[in-house]
Visitor: 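To start, I am sharing the structure in question, which I have written as structure tokens.
Computed from a predicted model, the values in this text were never measured in an experiment. Letters go in sequence order (proteins before strands), and every chain restarts at 1.
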Amino acid sequence: MSHVRVRFAPSPTGFLHIGGVRTALFNWLFARQQKGVFILRIEDTDQSRSTDESIHAIIEGMQWVGLDWDEGPFRQTERMDLYRSHAMQLLDKRQAYWCICTAEELEARRKDAEAKGLSPRYDGRCRNLAITKPTGEAALRFKAPQTGETVVDDLIKGKIVFDNAVLDDLIILRSNGYPTYNFSVVVDDALMQVTHVVRGDDHLTNTPRQVPIFQALGFPVPRFGHLPMILGSDKARLSKRHGATSIMAYKDMGYLPEAMVNYLVRLGWSHGDQEVFTRQDMIEKFAWKNVQTSAAVFNPDKLLWMNAEYIKTSPPNHVARALVPLLEQAGLKGEVAAVSDEWLAQLVVLVKERAKTLVEMVDWVKPYFGQAVVFEEEAARKFLTPAMAPVLQKLLARFESFPSFSKQTWEESFKKLVEEEGIKMGQLAQPVRVALTGRTASPGLFEVMDVLGRDRTLFRLRQGIERAKTGQA
RNA sequence: GUCCCCAUCGUCUAGCCUGGCCUAGGACGCCGGCCUUUCAAGCCGGCAACACGGGUUCGAAUCCCGUUGGGGACACCA
């Protein structure tokens, strides 16, 4: 029973992308299911584009979505001698050679070839020069096989055959001594004993270039799996044009990480008709054969629905915990500090089926902080009219006679008054709603009163009556 | 240009491997209704797809070939 070892290997050249998270997720799921190892490796061999901020963003993003790794994070820049020594091995074995073509020359030839409608491949002119000690700048190239074929049995797409004749000799060591991607991945995947290389579809054509390197180095070739891409609504590769692509942007927009993960796992993978999965569910049910072979369009509407589902069904105290930072950002730091966790959870229950994001929830929840109510002008003008004052006064008197709040008795009392006055429920409910919350839309009145408590309910009712009498705040 | 991948409702997908159970199922969104003190939520119903053309077969969404369309790759980026 060979031990499964998989990895997620992002390059730190920006924020953590949604597509990257999905790739990481599928790897993670497989590792957890197989009781294997999930490795985090930072591919930062391009020093001109890699930044420490990006590394932090990757780690932060992974932590937010709860994808924990067992080994790493490794940084390729800390493993330079490994790549160099393996490159030298290939040179010694004559499976690599020095190339003294300059980057400019190469670029010019490539342009030329493209203009002529030819394949922009390296022409191999240094291949047989047998340069042993280059005097100036030189890059090391791998001698790729030129005949035969490379067959990949992809975990997702099945058998794929590549003709080796289309391969060219790729650079494995740049003239500055740094390895290139196609070489460093191979050395790392081999040395880290990665058993399954699962990555984006955009790497599919890299596979036949990498397989011969594994072989030349004498390493076993891992299994490969290529995940379909995530597209935008116009079927083009998902980019900023389609909206936020940074995973952390979704945190800021009020998404729950569980919802994000659930949405992402369904983008390209399915288990019959099931839409909602717990982590454990995903781990147990995940299978490569159920991973989609075609690209998927990212659908923000469905993600939003998923988030709403999680807001409604997650434990209220869990949602409350996620909500607190957003509340504080909204300027309610003092108010939040003054209330208990239990009350906050109660608040979540009050509004949870109305808010699709935590950002929306912040807005729904605002009226319940503080003693006094803040009226929405239009709402107050419409419902807190002088004509309403006497009825509200009567309601207040009845409520005041109760020593404590009870949903049932207060509601009965309310209905009785409506009946006696010969008015409709709505005629009294709306003014009371505005008095209590300042707005025309809110959860059920008696749930609102429950959250507010007897004192504040009475206080706000009086405040509403004042406003109704005077027509002023 | 060359090579590779892909193709079921607008979108995510089930079904395809192991042809008949498919007058193609579910979900998001949309539309209509119910419920209702507001706003939601919930419930019920509706619209909507096998890219096209050839085969194979008694029978094809399912297997084969081609066409078309989409995507990706061809760097001293990853």
Visitor: Do the charged groups of R109(A) and E105(A) touch, with an N to O distance under 4.0 Å?
Guide: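 Salt bridge between R109(A) and E105(A), a charged N being under 4.0 Å from a carboxylate O: yes.
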Visitor: Please enumerate all protein N or O atoms sitting under 3.5 Å from an N or O of nucleotides 6-8 of chain B, with distances to 0.1 Å.
Guide:
unit_1 : atom_1 : unit_2  : atom_2 : d
C6(B)  : O3'    : T293(A) : OG1    : 3.3
A7(B)  : OP1    : T293(A) : OG1    : 3.3

Visitor: What integer distance in Å separates D202(A):CG from C3(B):C1'?
Guide: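 Interatomic distance, CG of D202(A) to C1' of C3(B): 16 Å.
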Visitor: Strictly below 4.0 Å, N to O, side chains only: are K111(A) and E114(A) in salt-bridge contact?
Guide: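 The answer is no: the pair does not qualify as a salt bridge.
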Visitor: Salt bridge or not between K394(A) and E421(A)? Use side-chain N to carboxylate O under 4.0 Å.
Guide: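 Looking at E421(A) together with K394(A), the answer is yes, because their closest N to O distance falls below 4.0 Å.
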Visitor: Out of curiosity, E60(A) CD to E53(A) CD, how far, rounded to the nearest 0.5 Å?
Guide: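 The CD atom of E60(A) sits 12.0 Å away from the CD atom of E53(A).
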Visitor: Looking only at N and O atoms, is any donor in the side chain of R121(A) or the base of C74(B) less than 3.5 Å from an acceptor on the other one?
Guide: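 No.
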Visitor: How is L445(A) classified with respect to the nucleic acid when contacts are heavy atoms under 4.0 Å: base, sugar-phosphate, or nothing?
Guide: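 Touches a base.
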Visitor: Compute the centroid of each ring, for Y263(A) and then for F298(A), and state whether the two points are separated by less than 6.0 Å.
Guide: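 For Y263(A) and F298(A), the ring centres are under 6.0 Å apart.
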Visitor: Does D44(A) come within less than 4.0 Å of R75(A), counting only side-chain N to carboxylate O?
Guide: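 R75(A) and D44(A): salt-bridged.
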Visitor: Got a donor-acceptor pair under 3.5 Å from the side chain of D44(A) to the base of A78(B)?
Guide: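 There is none.
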Visitor: Thinking salt bridges, do E411(A) and K415(A) make one under a 4.0 Å N-O criterion?
Guide: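 Looking at E411(A) and K415(A), the cut-off is met.
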Visitor: Taking atom P of U13(B) as reference, at what distance in whole Å does atom CZ of R22(A) sit?
Guide: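 It works out to 8 Å between those atoms.
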Visitor: Hey, can you tell me if F286(A) and W288(A) have their rings parallel, tilted or perpendicular (30° and 60° cut-offs)?
Guide: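 F286(A) vs W288(A) ring planes: perpendicular.
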Visitor: Do the charged groups of R381(A) and E376(A) touch, with an N to O distance under 4.0 Å?
Guide: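 No, this pair does not count.
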Visitor: Between A78(B), C28(B), G72(B), spot the one nearest the side chain of S11(A), thanks.
Guide: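 My answer, after comparing the listed nucleotides, is A78(B).
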Visitor: Quick one: label K312(A) by what it contacts on the DNA or RNA (base, sugar-phosphate, nothing), any heavy atom closer than 4.0 Å.
Guide: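 Since only primed, P, OP1 and OP2 atoms lie under 4.0 Å of K312(A), the category is sugar-phosphate.
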Visitor: Rounded to the Å, how far apart are F298(A) CZ and G71(B) P?
Guide: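 Spelled out: CZ on F298(A) to P on G71(B) is 19 Å.
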Visitor: Looking at every strand, decide which applies to C101(A) at a 4.0 Å heavy-atom threshold: base, sugar-phosphate, or nothing.
Guide: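 Base contact - C101(A) has a heavy atom under 4.0 Å of at least one base atom.
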Visitor: If you look at every strand shown and take non-hydrogen atoms under 4.0 Å, does R110(A) touch a base, only sugar-phosphate, or nothing?
Guide: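 Sugar-phosphate contact only.
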Visitor: On the nucleotide A14(B), are OP1 or OP2 found under 4.0 Å from the side-chain N or O atoms that S270(A) carries?
Guide: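 Answer is yes, contact under 4.0 Å.
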Visitor: Using purine N1 to pyrimidine N3 plus N6-O4 or O6-N4 for Watson-Crick, or N1-O2 and O6-N3 for G-U wobble, both under 3.5 Å, which nucleotide pairs with C74(B)?
Guide: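 Partner of C74(B): G1(B).
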Visitor: Using a 4.0 Å heavy-atom cut-off, does H226(A) contact any base of the nucleic acid, only the sugar-phosphate backbone, or nothing at all?
Guide: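 The residue H226(A) makes no contact with any strand.
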Visitor: Identify whether any heavy atom of T180(A) sits under 4.0 Å from a base atom; if not, whether one sits that close to sugar-phosphate; answer base, sugar-phosphate or nothing.
Guide: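 Sugar-phosphate, no base atom in range.
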Visitor: Tell me what A103(A) touches on the nucleic acid: a base, only sugar-phosphate, or nothing, going by heavy atoms under 4.0 Å.
Guide: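 The answer is base, as A103(A) lies within the cut-off (heavy atoms under 4.0 Å) of a base atom.
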Visitor: Collect all protein-nucleotide pairs involving nucleotides 62-70 of chain B in which both atoms are nitrogen or oxygen and the distance is under 3.5 Å.
Guide:
none

Visitor: Can you check the K285(A) NZ to A14(B) C1' distance for me, whole Å?
Guide: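 In whole Å, A14(B) C1' and K285(A) NZ are 15 Å from each other.
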Visitor: At 4.0 Å (heavy atoms only), tell me whether P228(A) reaches a base, stays on the sugar-phosphate, or touches nothing.
Guide: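 No contact at all - P228(A) keeps every heavy atom at 4.0 Å or more from the nucleic acid.
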Visitor: N290(A) CG to C16(B) C1': how many Å, rounded?
Guide: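 Distance check: N290(A) CG to C16(B) C1' gives 12 Å.
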Visitor: Is any NZ, NE, NH1 or NH2 atom of the basic residue among D169(A) and R121(A) found under 4.0 Å from an Asp or Glu carboxylate oxygen of the other?
Guide: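 The answer is no: the pair does not qualify as a salt bridge.
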Visitor: I'd like to know if S175(A) reaches the base of C76(B) with its side chain such that a donor and an acceptor end up less than 3.5 angstrom apart.
Guide: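 Indeed, a donor on one side and an acceptor on the other fall under 3.5 Å apart.
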Visitor: Short question: side chain of R84(A), backbone of G177(A) - any donor-acceptor pair under 3.5 Å?
Guide: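 Flag set: sc R84(A) to bb G177(A) pair under 3.5 Å.
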Visitor: Look at the side chain of F446(A) and decide which nucleotide, out of G26(B), U37(B), A78(B), has an atom nearest to it.
Guide: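 My answer, after comparing the listed nucleotides, is U37(B).
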Visitor: Describe the nucleic acid contact of E43(A) in one word from base, sugar-phosphate, nothing, applying a heavy-atom distance below 4.0 Å.
Guide: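 Counting heavy atoms under 4.0 Å across all strands, the contact made by E43(A) is with sugar-phosphate only.
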Visitor: Toward the 5' end of RNA chain B, which comes first, W305(A) or E353(A), by nearest nucleotide?
Guide: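 Looking at RNA chain B, the more 5' nearest nucleotide goes with W305(A).
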Visitor: More 5' along RNA chain B: M229(A) or L267(A), using each one's nearest nucleotide?
Guide: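 It is L267(A) whose nearest nucleotide is closer to the 5' end.
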Visitor: Under a 3.5 Å cut-off for both distances, is C50(B) Watson-Crick or wobble paired, and to whom?
Guide: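 Check on C50(B): unpaired, no WC or wobble geometry under 3.5 Å.
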Visitor: Take atom CD of E447(A) and atom C1' of A40(B), then tell me their distance rounded to the nearest Å.
Guide: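 Value for this atom pair: 13 Å.
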Visitor: What I want to check is whether an N or O donor and acceptor connect the side chain of D201(A) with the base of G72(B) at under 3.5 Å.
Guide: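 Result: no qualifying N/O pair found.
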Visitor: Considering every strand and a 4.0 Å limit on heavy-atom distances, what is the contact class for I171(A): base, sugar-phosphate, or nothing?
Guide: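 Base contact.
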Visitor: Quick one: the side chain of Q274(A) and the base of G26(B), do they pair up donor-acceptor inside 3.5 Å?
Guide: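 No.
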Visitor: Round to a whole Å and report the spacing from CZ of R109(A) to P of A75(B).
Guide: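 Rounded to the whole Å, the gap is 13 Å.
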Visitor: Just name whichever nucleotide pairs with C21(B), Watson-Crick or G-U, keeping both distances under 3.5 Å, else none.
Guide: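 Matched C21(B) with nothing under the 3.5 Å cut-off.
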Visitor: Checking base pairs now: Watson-Crick or wobble, both atom distances under 3.5 Å. What partners A7(B)?
Guide: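 Partner of A7(B): U68(B).
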Visitor: Is the shortest distance from a Lys or Arg side-chain nitrogen in D154(A) or R223(A) to a carboxylate oxygen in the other one below 4.0 Å?
Guide: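 Salt bridge flag = no for R223(A) with D154(A).
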Visitor: How many Å lie between CZ on R266(A) and P on C28(B), as a whole number?
Guide: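 So the CZ-P distance, R266(A) to C28(B), works out to 11 Å.
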Visitor: So N299(A), base contact, sugar-phosphate only, or nothing? Heavy-atom distance under 4.0 Å.
Guide: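 If one applies the 4.0 Å heavy-atom cut-off, N299(A) turns out to touch a base.
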Visitor: Categorize N206(A) for me: base, sugar-phosphate, or nothing, with a 4.0 angstrom heavy-atom threshold over every strand shown.
Guide: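 Touches a base.
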Visitor: When both hydrogen-bonding distances must be under 3.5 Å and the geometry is Watson-Crick or G-U wobble, what is C35(B) paired with, if anything?
Guide: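 Paired with no nucleotide.
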Visitor: Please determine whether a side-chain nitrogen of the Lys or Arg among R49(A) and D46(A) lies less than 4.0 Å from a carboxylate oxygen of the Asp or Glu.
Guide: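 Yes, this pair counts.
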Visitor: Base, sugar-phosphate or nothing for G444(A)? Non-hydrogen atoms, less than 4.0 Å.
Guide: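 Base contact.
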Visitor: Over all strands shown, is K356(A) touching base, sugar-phosphate only, or nothing at heavy-atom distances under 4.0 angstrom?
Guide: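 Here K356(A) touches the backbone only, sparing every base.
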